[in-house]
Amino acid sequence: MEESKVLQMIFKNSAGKKITLSIEDPKDALTEAEIKAAMDVIIQKNIFKKNNYDLVEAVEAKIVTTGTTVYDLVV
């Protein structure tokens, strides 16, 4: 089984909508404090905008792990 991980960082923008930034293959030893610090820098530096709205608040973050099983259907 192949396994993949994605770090999802959810922000609120100045229009009040949630925006998700996804990063594939985050490092294994990533801590909550490191994620929060990175999200704070993204907000402070105004790095990303979506539809001309600034990201203004870190809402949540999570690492999503997905397992994929590939079947060889040649009999």
Side-chain angles (χ1 to χ4, degrees):
M1 180 185 320
E2 295 178 24
E3 194 173 273
S4 63
K5 292 182 181 181
V6 175
L7 168 61
Q8 294 183 342
M9 297 181 291
I10 296 99
F11 297 86
K12 189 178 287 184
N13 69 13
S14 56
K17 295 188 178 190
K18 289 185 180 179
I19 304 296
T20 302
L21 297 178
S22 299
I23 299 175
E24 294 182 11
D25 298 320
K27 68 180 186 178
D28 289 330
L30 196 59
T31 67
E32 186 175 342
E34 290 172 319
I35 295 169
K36 175 69 171 128
M39 292 177 80
D40 288 344
V41 167
I42 290 169
I43 292 168
Q44 290 169 1
K45 300 284 184 180
N46 202 21
I47 295 171
F48 299 104
K49 282 189 177 189
K50 174 80 175 181
N51 297 329
N52 257 356
Y53 294 108
D54 296 337
L55 302 179
V56 296
E57 180 184 346
V59 176
E60 69 176 300
K62 56 189 169 188
I63 294 179
V64 177
T65 304
T66 305
T68 304
T69 303
V70 179
Y71 295 101
D72 184 9
L73 299 180
V74 178
V75 181

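These numbers come from the heavy atoms of this one structure, side chains and all, not from hydrogens, waters or symmetry mates.
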Enquirer: If hydrophobic clusters are built from ILVMFWY residues whose side chains come within less than 4.5 Å, do Met39 and Leu21 share one?
Expert: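 Cluster IDs for Met39 and Leu21 match.
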
Enquirer: Quick check: closest heavy atoms across Ile42 and Phe48, and the distance to 0.1 Å?
Expert: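 Scanning both residues completely, I find the closest heavy atoms to be CG2-CD1, 3.7 Å.
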
Enquirer: What's the separation between atom CD in Glu60 and atom OG1 in Thr20, rounded to the nearest 0.5 Å?
Expert: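 Taking CD in Glu60 and OG1 in Thr20, the distance rounds to 8.0 Å.
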
Enquirer: Does Tyr53 offer a backbone N or O that forms a donor-acceptor pair with the side chain of Asn51 under 3.5 Å?
Expert: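 Pair absent, no side-chain N/O of Asn51 close to backbone of Tyr53.
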
Enquirer: Do Ile43 and Ile47 sit in the same hydrophobic cluster, where Ile, Leu, Val, Met, Phe, Trp and Tyr count as joined when their side-chain heavy atoms come under 4.5 Å apart?
Expert: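 They do share one cluster, since a chain of ILVMFWY contacts under 4.5 Å joins Ile43 to Ile47.
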
Enquirer: Mind listing the closest non-hydrogen atom pair of Val70 and Glu2 along with its distance?
Expert: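 Between these two residues, the closest heavy atoms are CG2-OE2, 4.2 Å.
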
Enquirer: If we check side-chain contact (heavy atoms from CB on, under 4.5 Å) with Leu7, which of these qualifies: Asp25, Leu30, Val64?
Expert: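 Passing option: Leu30.
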
Enquirer: How long is the straight-line distance from CE of Met9 back to NZ of Lys36, given to the nearest 0.5 Å?
Expert: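 It comes to 12.0 Å.
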
Enquirer: When hydrophobic residues are tied together by side-chain contacts of less than 4.5 Å, even through go-betweens, does Leu55 share a cluster with Ile10?
Expert: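 Leu55 and Ile10: separate clusters.
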
Enquirer: Is Asp54 salt-bridged to Lys49, going by a charged N under 4.0 Å from an acidic O?
Expert: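 So Asp54 pairs with Lys49 through a salt bridge.
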
Enquirer: Would you give the length of the straight line joining atom CD of Glu3 to atom OG1 of Thr69, rounded to the nearest 0.5 angstrom?
Expert: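 Between atom CD of Glu3 and atom OG1 of Thr69 there are 10.5 Å.
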
Enquirer: Heavy-atom distance under 4.5 Å between the side chains of Glu34 and Lys27, does that happen here?
Expert: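 A side-chain contact under 4.5 Å exists here.
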
Enquirer: Please determine whether the number of non-hydrogen atoms from other residues, nucleotides or ligands lying under 6.0 Å from atom CG of Asn46 exceeds 12.
Expert: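 Buried by this count: over 12 neighbours within 6.0 Å.
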
Enquirer: Within this structure, what is the OG-NZ distance for the pair Ser22 and Lys62, rounded to the nearest 0.5 Å?
Expert: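 One finds 9.5 Å between OG of Ser22 and NZ of Lys62.
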
Enquirer: To the nearest 0.5 Å, how far apart are CD1 in Ile23 and NZ in Lys5?
Expert: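 Nearest 0.5 Å value for the CD1-NZ distance: 14.5 Å.
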
Enquirer: Measure the spacing between CD1 of Ile35 and CD of Gln8 and express it to the nearest 0.5 Å.
Expert: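 Spacing of CD1 (Ile35) from CD (Gln8) equals 11.5 Å.
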
Enquirer: Which atom names give the shortest non-hydrogen contact between Pro26 and Ile63, and what distance separates them?
Expert: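 Result for this residue pair: CG-CD1, 4.3 Å.
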
